[in-house]
Amino acid sequence: MKRRPWKFALLLLVPLALYFYIAERNSWRPKTIRIYSFDPVFLEFSPDGRTLIFGDGGEFNIYVCDVALRSQRVILEDAYAHCFIENGKYLAAVVSESNESRVKIFSMPDGAEIASGPKNFRPIGTLADESTIIGHIPNEANYCTLYRWNWHFDSKPQPYKRLTQQPTRRLRILADKTTLTDGEQFWDLATGKLRFKNNSSLRYEFDNASRFMTSLTADRKTVQIWNCKTGKKQKSMPFNSLIRFAKVSPDGTLLAESSMKPQVNLWDVQSGKVVRQLDWSQGHNYSEAFSCDGRTFAIADQQAIIHLWRIK
């Protein structure tokens with residue numbers, strides 16, 4: 001009797017192909033986290049991707065979610081002006097209590113308080129060692145002087161650098177640990193010298209994790225992509241409809257763009273083609289964020305749900 005091995009190979013290939021088809025479809029379905037806030041004004045992933053935090057527009061609270069468990073873990077009440085430290089293992093935040101403001105350190109994602117720091121010090125980010133926190137003291141005459149505080153060794157903040165220009169809004173340190181910005185002006189963190197200043201007529205959007213930022217033209221139909229370190233425009237991408245938001249992934253390869261529908265389009269920046277469409281049931285998005293490794297995208301919608309997509 002003549003054997004036909006190709007028949008056995010075919011029998012193996014069919015279930016294997018079915019498995020990969022189902023896995024591919026499921027991988028682009030969002031995982032969800034039910035949250036207890038209806039006005040999340042920002043979303044931010046920790047550098048290690050284990051924690052997702054958001055802030056409530058109505059109150060000074062920071063809400064902490066466990067990404068792996070897909071659950072909201074704790075609410076840090078009366079907390080603001082935060083930054084992740086030691087690769088997201090901890091969160092430093094200013095907490096208001098008893099008529100004073102003090103920096104406190106919380107472990108992530110359980111939100112347990114493990115240390116209490118100096119009063120009247122507002123953190124904006126860390127140096128490359130991830131333990132030295134950079135910040136400023138709000139009650140000074142101006143915000144030009146930056147201070148450093150290593151939460152393991154220092155009892156109080158020490159002067160660090162003086163900026164050459166007065167900040168206009170809240171400062172933050174970007175993921176490269178060399179760039180400081182208030183959203184309009186960009187400084188070299190090591191020297192305090194101003195690198196460049198944006199066009200004040202444009203509204204810029206960026207994640208702390210990204211090396212790129214976006215702006216919309218006046219008609220909200222063209223996205224401009226800018227390099228945060230050099231201030232140079234990298235690309236312009238025109239669209240046919242009004243754009244609600246546009247953000248670039250940390251590596252600059254993907255653009256997340258949304259119009260008026262509950263849908264986000266992921267565009268390949270180089271080719272200008274849509275890679276994927278991310279859909280959810282209903283409700284427009286309040287805020288959105290890429291994870292620091294660019295592999296996950298998150299949206300908080302009007303129904304108090306965070307949607308998480310694995311995009312890489």
Group every Ile, Leu, Val, Met, Phe, Trp and Tyr by side-chain heavy-atom contacts under 4.5 Å, then state whether [X] and [Y] land in the same group.
| X | Y | answer |
| --- | --- | --- |
| Ile137 | Leu189 | no |
| Leu278 | Leu254 | yes |
| Leu194 | Leu163 | yes |

Heavy-atom pair with the smallest gap, counting every atom of [X] and [Y]:
| X | Y | value |
| --- | --- | --- |
| Ala92 | Val103 | CB-CG1, 4.4 Å |
| Cys292 | Ser46 | SG-O, 3.8 Å |
| Leu174 | Cys228 | CD1-CB, 3.7 Å |
| Ala256 | Val264 | CB-CG1, 4.0 Å |
| Gln72 | Ile35 | OE1-CA, 3.3 Å |
| Pro109 | Arg50 | CD-NH2, 3.4 Å |

Ignoring hydrogens and geometry, is there a side-chain-to-backbone donor-acceptor pair from [X] to [Y] under 3.5 Å?
| X | Y | answer |
| --- | --- | --- |
| Glu184 | Arg169 | no |
| Asp154 | Pro157 | no |
| Thr164 | Lys193 | no |

- prompt: If you look only at pairs with a residue in residues 227-239, which of them pass as a side chain to side chain donor-acceptor pair (under 3.5 Å), with sequence neighbours excluded?
  reply: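 Qualifying pairs: none.
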
Is there a side-chain contact between [X] and [Y] in this structure, where contact means two heavy atoms from C-beta onward sitting under 4.5 Å apart?
| X | Y | value |
| --- | --- | --- |
| Phe84 | Ile53 | yes |
| Gln277 | Asp279 | yes |
| Pro123 | Val94 | yes |
| Phe45 | Thr296 | yes |
| Phe245 | Ser287 | no |

field: Other ILVMFWY residues reachable from Phe212 by side-chain steps of under 4.5 Å
entry: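 ILVMFWY cluster around Phe212 also holds Leu216, Val223, Ile225, Met237, Phe239, Ile243, Val248, Leu255, Trp267, Val269, Val274.
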
Once side-chain hydrogen bond (donor to acceptor under 3.5 Å, both in side chains) is applied, do any residues pair with [X], and if so which ones, sequence neighbours excluded?
| X | value |
| --- | --- |
| Lys177 | Thr126 |
| Asp219 | Thr217 |
| Glu100 | Arg102 |
| Ser271 | Asp268 |

task: Go through the steps for Asp293 and Ser291 under the test side chain to side chain donor-acceptor pair (under 3.5 Å), then give the verdict.
output: CA-CA 5 Å; Asp293 61 6; Ser291 62; 2.6 Å; yes

Just how far is it from atom [atom1] of [X] to atom [atom2] of [Y], taken to the nearest 0.5 Å?
| X | Y | atom1 | atom2 | result |
| --- | --- | --- | --- | --- |
| Ser71 | Ile306 | OG | CD1 | 10.5 Å |
| Cys83 | Glu130 | SG | CD | 9.0 Å |
| Ile134 | Ile173 | CD1 | CD1 | 5.5 Å |
| Leu308 | Ile311 | CG | CD1 | 11.0 Å |
| Ile133 | Leu127 | CD1 | CG | 10.0 Å |
| Leu171 | Gln185 | CG | CD | 9.0 Å |

task: Any salt bridge (charged side-chain N to carboxylate O under 4.0 Å, His left out) involving residues 68-84? Give me the pairs, sequence neighbours left out, ordered by first then second residue.
output: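 Listed by first then second residue: Asp66-Arg73.
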
message: Per the salt bridge (charged side-chain N to carboxylate O under 4.0 Å, His left out) rule, what does the pair list look like for residues 79-95, sequence neighbours excluded?
response: none

Does either side chain, that of [X] or that of [Y], offer a donor lying less than 3.5 Å from an acceptor on the other one?
| X | Y | result |
| --- | --- | --- |
| Arg195 | Thr179 | yes |
| Gln263 | Asn265 | yes |
| Trp226 | Thr214 | no |
| Thr145 | Arg162 | yes |
| Thr253 | Lys312 | yes |

task: Could you walk me through whether Thr191 and Lys161 pass side chain to side chain contact (heavy atoms under 4.5 Å, CB included), step by step?
output: CA-CA 7 Å; Thr191 64; Lys161 287 288 185 302; 5.6 Å; no

field: Of all pairs that satisfy ring-ring contact (aromatic ring centres under 6.0 Å, His included), the ones with a partner from residues 148-184, not counting sequence neighbours
entry: Tyr90-Trp151

Where at least one partner belongs to residues 98-135, residue pairs that pass ring-ring contact (aromatic ring centres under 6.0 Å, His included), sequence neighbours excluded: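 Of all non-adjacent pairs touching residues 98-135, none passes ring-ring contact (aromatic ring centres under 6.0 Å, His included).
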
query: Applying the side chain to side chain contact (heavy atoms under 4.5 Å, CB included) test to Met108, which of Leu52, Asp48, Val64 qualifies?
result: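 Only match with Met108 under side chain to side chain contact (heavy atoms under 4.5 Å, CB included): Val64.
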
task: Can you sort out the partners of Phe297 under ring-ring contact (aromatic ring centres under 6.0 Å, His included), two or more places apart, ordered by chain and number?
output: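 If we apply the ring-ring contact (aromatic ring centres under 6.0 Å, His included) test to Phe297, skipping adjacent residues, the hits are Phe290.
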
- request: List the steps, then state whether side chain to side chain contact (heavy atoms under 4.5 Å, CB included) holds for Val95 with Leu76.
  value: CA-CA 8 Å; Val95 177; Leu76 306 179; over 6 Å; no

message: Does Ser258 form a side chain to side chain donor-acceptor pair (under 3.5 Å) with Arg244? I'd like the steps, not just the answer.
response: CA-CA 6 Å; Ser258 178; Arg244 285 175 57 86; 4.8 Å; no

task: Taking salt bridge (charged side-chain N to carboxylate O under 4.0 Å, His left out) as the test, write out the residues that go with Arg220, two or more places apart.
output: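 For Arg220, no residue satisfies salt bridge (charged side-chain N to carboxylate O under 4.0 Å, His left out) once neighbours in sequence are set aside.
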
- line: Checking Phe60, Phe42, Tyr63 against His82 for ring-ring contact (aromatic ring centres under 6.0 Å, His included), the one that qualifies is Phe42

message: If the threshold is 4.0 Å, N to carboxylate O, is there a salt bridge linking Lys104 and Glu97?
response: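 Salt bridge between Lys104 and Glu97, a charged N being under 4.0 Å from a carboxylate O: yes.
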
field: From CA spacing to verdict: side chain to side chain contact (heavy atoms under 4.5 Å, CB included), Ile299, Leu43
entry: CA-CA 8 Å; Ile299 277 181; Leu43 283 176; 5.6 Å; no

- prompt: Checking side chain to side chain contact (heavy atoms under 4.5 Å, CB included) for the pair Arg276/Trp309: CA distance, chi angles, key distance, verdict?
  reply: CA-CA 11 Å; Arg276 288 283 179 176; Trp309 286 271; over 6 Å; no

